[in-house]
Every structure is written in structure tokens, then in C-alpha cells.
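The block underneath contains the structure these notes are about, expressed in C-alpha cells.
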Protein chains: 2
Amino acid sequence: MTPTTPLPRMTRQRREILDVLDTRDFRSAQQWHERLRAEGSTVGLATVYRGLQALADQGEVDAVVSESGETLYRRCEAGEEHHHHLRCRVCGKAVEIDVPEFEDFAHRIAAQHSYVEISHTIELTGVCPDCAAADKG
Amino acid sequence: MTPTTPLPRMTRQRREILDVLDTRDFRSAQQWHERLRAEGSTVGLATVYRGLQALADQGEVDAVVSESGETLYRRCEAGEEHHHHLRCRVCGKAVEIDVPEFEDFAHRIAAQHSYVEISHTIELTGVCPDCAAADKG
DNA sequence: CTGATTTCGACAATCATTCTCATAAGGCCT
DNA sequence: AGGCCTTATGAGAATGATTGTCGAAATCAG
């Protein structure tokens with residue numbers, strides 16, 4: 001069981017990729033590559049593809065597939081949070097739910113359609129356990 | 001001005017495609033093509049691609065892009081499944097979004113809080129690519 | 001520094017999808 | 001029904017994103 005740490009090596013090009021990556025915009029591997037070259041880097045396209053995939057595997061970057069089938073990447077951001085509610089349509093009781101995944105969903109979907117400055121409203125309604133019991137009993 | 005009715009023609013192959021399409025499973029154009037050939041049809045692959053696109057434009061079929069980048073199709077069913085929209089807050093243009101994962105998500109969260117009879121509303125708004133470009137230019 | 005591995009980079013290879021273009025239907029009009 | 005104009009079809013070439021190949025270069029442990 002040699003714990004042969006298969007750790008990815010931090011190479012110059014990996015660093016360049018991480019540096020150029022933005023946490024705001026989803027761009028394709030080719031677009032990031034272009035930008036890198038524009039900034040004077042000499043990284044190869046294949047390397048950018050491989051680097052982005054590796055970083056995505058590590059959870060350093062997010063990847064989404066656009067409508068046209070291209071894979072878009074952006075750097076992960078751990079910050080921002082806000083919550084939503086799950087409300088009972090009978091008694092009105094609301095539970096605060098924390099759904100970090102919603103944020104990702106919203107951004108992912110927006111990116112797939114090339115929309116920017118996304119905001120969202122999510123409303124979950126149902127019948128709470130108490131009301132459900134009352135209804136039955 | 002010429003109201004040149006640009007109506008798609010109902011050809012044998014269009015009919016065959018509609019017939020073979022299933023409302024349950026999302027399959028790729030190639031898979032539907034295979035199935036058609038297996039059933040004795042002689043339709044060409046390109047025709048299946050074109051047919052599916054045309055039908056998607058007409059709203060007869062739903063199309064989603066898989067993680068691997070393939071476009072998957074299935075016949076629309078005006079019922080059980082519902083769509084959400086991603087709307088541009090500038091021009092109002094809306095894109096229909098299909099978020100199968102979301103349905104599961106809603107149910108999971110509801111279950112975690114023992115809520116039943118869940119329904120949800122999702123409103124995503126942002127700025128569409130056209131308006132974003134117009135804003136910049 | 002040295003060697004074992006991993007990564008790079010240029011380019012070939014894949015794979016889904018689209019395009020091209022000559023031919024074959026649809027649809028419509030009389 | 002017969003004809004005509006337009007759109008659809010099919011086969012295969014073309015495209016475009018992504019992945020594979022392989023010799024050379026870089027990383028990291030010892």
C-alpha cells in the first residue's frame with residue numbers, strides 16, 4: 001500500500017493558469033489559453049486543458065458545460081453565502097435552509113446561457129410535519 | 001413582410017423520428033439514429049440531427065447538454081415535468097431551463113425537514129449576452 | 001546534484017455535430 | 001392529376017472542441 005502520494009506538481013504553467021483564472025467569469029479552455037498567450041505566457045493549449053481538468057478535480061475550479069457543448073471554467077470562490085426558506089403553506093412556519101449548492105446552480109445555469117449578473121429567488125413550499133399530521137388525524 | 005410560411009415539411013423521416021422518440025429517456029441523436037436503423041428505417045444521421053433540432057425549435061422535443069458535451073433529446077410531454085426560466089432583466093428575453101437535479105434537490109431538502117407536498121418556484125434573472133454586450137459597447 | 005516521474009508542448013487522432021451539394025420529395029396551384 | 005418551386009435528404013467532407021502520443025524538459029525526493 002505504498003501511499004505513493006500522486007500529488008500534482010506545481011509547475012510554472014499550473015501557476016500561470018491559476019493566476020489568470022477569474023472567479024467571476026466562466027470561460028472555455030481555449031479562451032483562458034488565449035488570454036494566457038496574450039499576457040505573454042507560452043503554455044500550450046493541451047496543457048491548459050489538462051491543467052484546468054486537474055484543477056477541477058482538485059476542486060480549485062468549477063466546470064460547467066455550455067449549451068453549445070463547450071466546457072467552461074472559472075476559479076472557485078468559497079465566500080458569499082445567503083439562505084432561503086422552506087415555508088409551510090398551511091401554517092406559514094418557515095425553516096431556514098442553507099443551500100450553498102443553489103448558488104452554484106444559479107451561476108452554472110447562467111453561464112451555460114451566457115447570462116451575467118445573476119440573482120435568484122427560490123421559494124420552496126410544502127406542508128410541515130405538524131400540519132400534515134393534523135390533516136390526517 | 002412576405003408571410004412566406006416557413007413551415008417545416010412533414011416528411012417520412014420526420015415522422016419516423018417523432019415515432020421513435022420516447023418521452024422518458026434522454027438519448028443522443030446518434031442513439032436515436034441507431035434505434036431507427038435497428039427498426040429498419042433508412043434515415044441518415046445528418047437527417048436525424050436536423051430533424052431533432054427542428055423539432056426542438058418547434059418545442060416538440062426537449063434538448064439538454066450532458067456533462068460530456070453531447071446533446072440529448074427526448075420527446076416533450078406537457079405534464080409532470082415543468083420548466084423554469086432564466087430571464088434577462090434588461091430586455092426580458094427568457095430562456096427555458098431544465099434542471100432535473102433541482103427537483104431532486106427540492107425533495108431532498110423537504111425530506112430533511114419532514115415537509116411534504118413540496119412545490120417550488122425558482123426565478124433566475126440576469127443580463128443576457130446581447131444586453132451585456134450592448135451595455136459595454 | 002541525480003534519478004525517477006510527471007508534465008510539457010506540438011501535433012496527430014477522436015468524436016460529435018455541421019456543412020455541401022446533387023437528388024428526391026413535399027406543398028400548392030390550376 | 002400534372003408541374004413547379006422550395007425544402008429536406010443522404011453521403012461524405014469539413015469543423016471544432018477535446019484527448020492521445022511521445023520525445024524533451026521540469027519537479028521533487030534523497
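Chain letters run A, B, ... following the sequence lines, proteins first, then strands; residues in each count from 1. This one's a predicted model, so the numbers in the text were calculated from it and none came from an experiment.
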Could you state the atom-to-atom distance from CH2 of Trp32(A) to C1' of dA17(D) in whole Å?
18 Å

With a 4.0 Å limit, can you tell me whether Gln53(B) has a side-chain N or O closer than that to the phosphate oxygens OP1/OP2 of dT18(C)?
yes

Check nucleotides 9-13 of chain C against the protein and report each pair of N or O atoms closer than 3.5 Å, with its distance, or say if there are none.
residue	atom	partner	partner atom	Å
dG9(C)	OP1	Gln13(A)	NE2	2.9
dG9(C)	OP2	Gly44(A)	N	3.2
dG9(C)	OP2	Thr47(A)	OG1	2.8
dG9(C)	N7	Arg50(A)	NH2	2.6
dG9(C)	O6	Arg50(A)	NH1	3.4

Test item: His33(A) side-chain N/O and Ala46(A) main-chain N/O as donor-acceptor pair under 3.5 Å:
no

Send over the distance from Tyr73(A) OH to dA17(D) C1', rounded to a whole Å.
10 Å

What is the distance, to the nearest angstrom, from the CG atom on Leu72(B) to the C1' atom on dC15(C)?
15 Å

Side chains of Thr47(A) and Gln13(A): any donor to acceptor distance under 3.5 Å?
no

Length of the CD-C1' vector between Glu16(A) and dT7(C), whole Å
14 Å

Within this structure, what is the CG-to-C1' distance between Leu55(B) and dT9(D), rounded to whole angstrom?
15 Å

So, using side chain to side chain donor-acceptor pair (under 3.5 Å) as the criterion, who are the partners of Gln30(B) when residues are at least two apart?
Tyr49(B)

So, the side chain of Arg74(B) versus the backbone of Arg27(B): is there a donor-acceptor pair under 3.5 Å, distance only?
no

Rounded to whole Å, how long is the line connecting atom CZ of Arg14(B) with atom P of dG26(C)?
12 Å

Spacing of Gln31(A) atom CD relative to dG16(D) atom P, expressed in whole Å
15 Å

Identify whether Phe26(A) and Val48(A) are in the same connected component of the hydrophobic contact network (ILVMFWY, side-chain heavy atoms under 4.5 Å).
no

So if I take every side-chain heavy atom of Gln30(A) and compare against dT5(C), dT19(D), dT18(D), which nucleotide ends up nearest?
dT18(D)

Any donor-acceptor pair under 3.5 Å linking the side chain of Trp32(B) with the backbone of Val20(B)?
no

Closest to side chain of Tyr49(B), choosing from dA16(C), dC28(D), dT18(D):
dA16(C)

Tell me whether the OP1 or OP2 atom of dT18(D) has a side-chain N or O from Thr71(A) closer than 4.0 Å.
yes

Among the candidates dA17(D), dT18(C), dT5(C), find the nucleotide nearest to the side-chain atoms of Glu70(A).
dA17(D)

With a 3.5 Å cut-off and just heavy-atom distances, do the side chain of Arg9(A) and the base of dT7(C) make a donor-acceptor pair?
no

Please state how far atom CZ in Arg15(A) lies from atom C1' in dC8(C), giving the value in whole angstrom units.
14 Å

Side-chain donor/acceptor of Glu39(A) to backbone N/O of Leu36(A), under 3.5 Å
no

For Thr11(B) and dT9(D), is the shortest distance between a side-chain N/O and OP1 or OP2 below 4.0 Å?
yes

